[in-house]
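This report refers to the structure that appears directly beneath it.
Everything numeric in this text was worked out from a predicted model, so none of it was measured. Side chains included, hydrogens not; waters and symmetry mates left out as well; all remaining heavy atoms used.
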Amino acid sequence: MFWKRAILHVDMDAFFVNIHLLDHPEDRGLPIAVGGNPNGRGVVASASYEARQFGVRSAMPSSQALRLCPTIKFVGHNWPRIGECSRQVMDLLAAYGPLEKMSVDEAYVDISEAADPEGVAFKIRAQIKRETGLPASVGLTPNKLVSKVASDFDKPEGCTIIRPGEERLFLAPLSVRAIHGIGPRTAEQLALLNIYKCGELADIDLSQLRLKFGKNAELLQERARGIDHRPVNDDPGQAKSISQEWTFNDDIEDENYLFDMMEKMAGQVSESLKKRNLVAHTVVVKYRWVDFSTFTRQRTVEVGIDSAAEILATAQAVFQANWNGEKLRLIGVGVSNLERPLGRQLTLFNS
DNA sequence: TCTGGGGTCCTAGGACCC
DNA sequence: TCTGGGGTCCTAGGACCC
């Protein structure tokens, strides 16, 4: 089989849970969830396959998970270990070709140069298990879009290969929600046209699709047909925004307490900016009221800033101009409009 | 029954300028 | 007195993803 383009998508299985099990083998076989406090406002980040049998899913409120599965064991995130394992997996993958990291537990690798891409797919999955002890699923197809679907097709520890020319047939029976970028809202819109499966979206008359989706119609249909020309991009580029937010266990209206929180968050945002050698021109404050309605208010400043004091002062000014004293369930501080500071280069030019 | 945290990208309207 | 078109920047919100 000749592969003009061979794109591998690697997706770690229940990553956070399986890292926990590496260090706590005694928990193997139990229903486990990594995530927030079930007595507070936490959600499930990752659930073991035993917990999933009870209907527990990621992004589900922890309290609901506890109700579905009263024997479930909640454990916290071990961020240092997660970072370590992620790095180990990514380093291993980078040896095979250009690597695009999508998150701690997911990446694309362009293995078009390999003599036998299908062999490489199996080899990589085995190598990850051997060297890290962690299970992964992989999808190999001619493009990113279909590989992403393929890696999810046979979890856990799957290896799904869709050969050139088979993309459209593979997608046809699957829900449109399987396509990366089609979420609940878009699926709802498609349902109004009686479209539920990729095959139906692939076959519908384009002019009908245009009525609802305008210039996006063409792209939407191409996706459903398994067409995707996006290259694997191994340059992550510079961050576009940095933020910190916090949901309170009990709704807060104490201004001093809110200011203390903002001070902590401004400090962390500042640290992150400095570590990346960036300055920000815009400060964003985020609020969420008790009824879950959410607002953001931002202010742009002429001179780029990175200090905790400047970020805090701007955030507090924005906050005070917009807060009516009502109870909040969340507050957040962030920055955007980021750039490299220019000071040094200018000095060099002048000398 | 309640709904985290950290991001990216897109759209739309208003201000402002030429 | 009536009233163009285009471009850029900023703000705010929303969809979506892991």
What is the distance from [atom1] of [X] to [atom2] of [N], rounded to the nearest Å?
| X | N | atom1 | atom2 | value |
| --- | --- | --- | --- | --- |
| Glu271(A) | dG6(B) | CD | P | 14 Å |
| Gln268(A) | dG5(B) | CD | C1' | 12 Å |
| Gln64(A) | dG4(B) | CD | P | 12 Å |
| Phe74(A) | dG4(B) | CZ | C1' | 12 Å |
| Gln238(A) | dG7(B) | CD | P | 13 Å |
| Asn39(A) | dT1(B) | CG | C1' | 15 Å |
| Arg230(A) | dT8(B) | CZ | C1' | 13 Å |
| Phe292(A) | dG13(C) | CZ | C1' | 15 Å |

Give one of base, sugar-phosphate or nothing for [X], where a contact means two heavy atoms less than 4.0 Å apart.
| X | result |
| --- | --- |
| Lys215(A) | sugar-phosphate |
| Glu106(A) | sugar-phosphate |
| Thr186(A) | sugar-phosphate |

So, does [X] get its side chain near the phosphate of [N], meaning an N or O under 4.0 Å from OP1 or OP2?
| X | N | value |
| --- | --- | --- |
| Lys240(A) | dC9(B) | yes |
| Arg329(A) | dG4(B) | yes |
| Arg288(A) | dT3(B) | no |
| Gln244(A) | dG6(B) | yes |
| Arg297(A) | dA12(C) | yes |
| Thr247(A) | dG5(B) | yes |
| Thr300(A) | dT11(C) | yes |

>> Nearest heavy atom decides the nucleotide; on that basis, is Arg41(A) or Ala239(A) closer to the 5' end of DNA chain B?
In response: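 On the 5' side of the pair lies Arg41(A).
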
> How do Ser243(A) and Asn216(A) order along DNA chain B: which one's closest nucleotide is nearer the 5' end?
Replying inline: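 It is Ser243(A), whose closest nucleotide lies nearer the 5' terminus.
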
Among [options], find the nucleotide with the atom closest to the side chain of [X].
| X | options | value |
| --- | --- | --- |
| Ser103(A) | dC18(C), dT11(C), dG7(B) | dC18(C) |
| Lys148(A) | dC16(C), dC18(C), dG4(B) | dC18(C) |
| Arg177(A) | dC17(C), dG13(C), dC16(C) | dC17(C) |
| Ser241(A) | dC16(C), dG7(B), dG6(B) | dG7(B) |

> Would Asp13(A) and Lys155(A) satisfy salt bridge (charged side-chain N to carboxylate O under 4.0 Å, His left out), going step by step from the backbone distance to the final call?
Replying inline: CA-CA 7 Å; Asp13(A) 301 321; Lys155(A) 271 180 164 295; 2.5 Å; yes

> Cation over ring, Arg52(A) on Tyr49(A), under 6.0 Å and within 45°?
Replying inline: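 Judged by the rule (NZ or CZ under 6.0 Å from the ring centre, within 45° of its axis), Arg52(A) counts as positioned above Tyr49(A).
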
> In whole Å, what separates the P atom of dC17(C) from that of dT3(B)?
Replying inline: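 Result for the P pair: 23 Å, nearest Å.
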
>> Give me the distance, rounded to whole Å, that separates dC2(B) from dC18(C) when you measure between the P atoms they each carry.
In response: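 The same atom, P, in both gives a distance of 27 Å.
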
>> Between Ser112(A) and Arg5(A), is there a side-chain donor-acceptor contact under 3.5 Å, judged purely by atom types and distance?
In response: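 Side chains of Arg5(A) and Ser112(A): no pair found under 3.5 Å.
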
> If we ignore angles and hydrogens, is there a donor and acceptor under 3.5 Å between the side chains of Ser137(A) and Ser151(A)?
Replying inline: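 Not at all, the side chains of Ser137(A) and Ser151(A) share no donor-acceptor pair under 3.5 Å.
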
>> Output the pairing pattern of DNA chain B as a dot-bracket string, 5' first, Watson-Crick or G-U wobble with both distances under 3.5 Å, | for cross-strand pairs, [ ] for crossing pairs.
In response: ....||||||||||||||

> Same hydrophobic cluster for Val104(A) and Val138(A), using side-chain heavy-atom links shorter than 4.5 Å among ILVMFWY?
Replying inline: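 Both belong to a single hydrophobic cluster.
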
